Amino acid sequence: MTAAIWLLKTEPDQFSILDLADRGDTGERWNGIRNYQARNFLRTMQVGDVALIYHSACAVPAIVGSAWVISAPYDDVDAIDPASPYFDVKSSASNLRWSAIDIQFSQRWAQPVTLAQLKAAVELSDMLVLRQARLSISPVLPAQYSAILALAQQNEKQSTFTTPTV
DNA sequence: GCCAACGTTGGC
DNA sequence: GCCAACGTTGGC
């Protein structure tokens, strides 16, 4: 059984790929998802799946690296913690509406693949996040993943030849 | 900071 | 179950 690929959005002002790298082997709890479609995707995640990390609401929205899923989905207990910003009045211990997973840093891409590049790639026209801009967790098909990795490689090559050393 | 897209809420 | 009002997301 092959690992699935996911795209996880985060606002770098809140939590960036560098913050994830700092967590090291401990990883980070991906919680606070409060959208049913995203939650339903999250609930199908498995240990060993790949998570592409996307920076949103920033100067250059882009996929900036990747992570591993290191836990099965579990209850997002912040939903029943009144002190949490993710508190949800409609959740209770016996009826917890939301889930979380843990992820661990894998790599930071030297040259992020920008939203503009994703939009420009014909192979990615069906990528769910491009069709539903507000979805914070979305699946990435194997062929789409390949296309994204190709863009990342292409970016790296170009930077090797064109980046002047100042 | 603006605004389009879109999910959620709640009255009826 | 419809739909208007409202809130949030996120690119630009």
Side-chain angles (χ1 to χ4, degrees), chain A residues 4-23 28-45 49-67 69 73-103 105-141 143-145 147-152 154-156 158-159:
Chain A
I5 322 293
W6 306 98
L7 186 138
L8 270 50
K9 279 198 217 172
T10 183
E11 298 187 16
D13 288 352
Q14 307 298 316
F15 189 85
S16 75
I17 186 87
L18 295 175
D19 296 318
L20 182 62
D22 285 344
R23 297 292 191 272
E28 173 75 5
R29 171 177 295 181
W30 215 255
N31 63 350
I33 303 299
R34 296 292 179 266
N35 167 283
Y36 284 108
Q37 201 181 354
R39 182 207 68 180
N40 292 344
F41 286 130
L42 183 142
R43 286 185 173 175
T44 68
M45 289 190 188
D49 283 358
V50 173
L52 295 176
I53 305 300
Y54 175 94
H55 281 174
S56 68
C58 55
V60 185
I63 297 174
V64 293
S66 67
V69 173
Y74 56 92
D75 283 348
D76 182 355
V77 291
D78 277 8
I80 52 170
D81 174 4
S84 169
Y86 302 128
F87 179 66
D88 166 31
V89 260
K90 295 194 174 174
S91 280
S92 61
S94 59
N95 180 26
L96 224 156
R97 305 201 299 173
W98 309 108
S99 304
I101 47 151
D102 295 336
I103 64 169
F105 176 77
S106 172
Q107 38 180 233
R108 180 180 177 226
W109 295 353
Q111 301 296 325
V113 174
T114 66
L115 174 61
Q117 289 186 296
L118 297 174
K119 282 182 172 172
V122 225
E123 315 94 283
L124 298 176
S125 59
D126 284 334
M127 208 173 146
L128 193 56
V129 75
L130 297 182
R131 296 188 170 240
Q132 281 177 250
R134 299 176 53 186
L135 198 51
S136 61
I137 296 183
S138 59
V140 176
L141 300 177
Q144 296 170 341
Y145 185 41
I148 291 165
L149 292 178
L151 285 172
Q154 180 189 306
N155 285 351
E156 223 170 312
Q158 282 179 0
S159 73

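Since we're looking at a predicted model, the values are computed, not measured. Proteins get letters first, then strands, A, B, ... in listed order; numbering begins at 1 in each. Values below: all heavy atoms of this structure, side chains included; hydrogens, waters and symmetry mates excluded.
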Expected output: side-chain S66(A) to main-chain S106(A) donor-acceptor under 3.5 Å: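 No, S66(A) side chain to S106(A) backbone: no donor-acceptor pair under 3.5 Å.
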Sidechain-backbone polar pair: D76(A) side chain, G32(A) backbone, donor-acceptor under 3.5 Å: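 Checking the backbone N and O of G32(A) against the side chain of D76(A), a donor-acceptor pair under 3.5 Å is found.
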Base-contact (B) and sugar-phosphate-only (S) positions in nucleotides 3-12 of chain C, heavy-atom cut-off under 4.0 Å, - elsewhere: ----BBBSSS
Sub-4.5 Å side-chain heavy-atom contact between I53(A) and I103(A):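 Yes, close enough: below the 4.5 Å cut-off.
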Aromatic plane relationship, F41(A) with W6(A) - under 30° parallel, 30 to 60° tilted, over 60° perpendicular: tilted
Acceptor/donor pairs from residues 127-138 of chain A side chains to any protein atom, 3.5 angstrom cut, sequence neighbours excluded:
| from | atom 1 | to | atom 2 | distance (Å) |
| --- | --- | --- | --- | --- |
| R131(A) | NE | S125(A) | O | 3.2 |
| R131(A) | NH2 | D126(A) | OD1 | 2.7 |
| Q132(A) | OE1 | Q37(A) | NE2 | 3.4 |
| Q132(A) | NE2 | Q37(A) | OE1 | 2.7 |

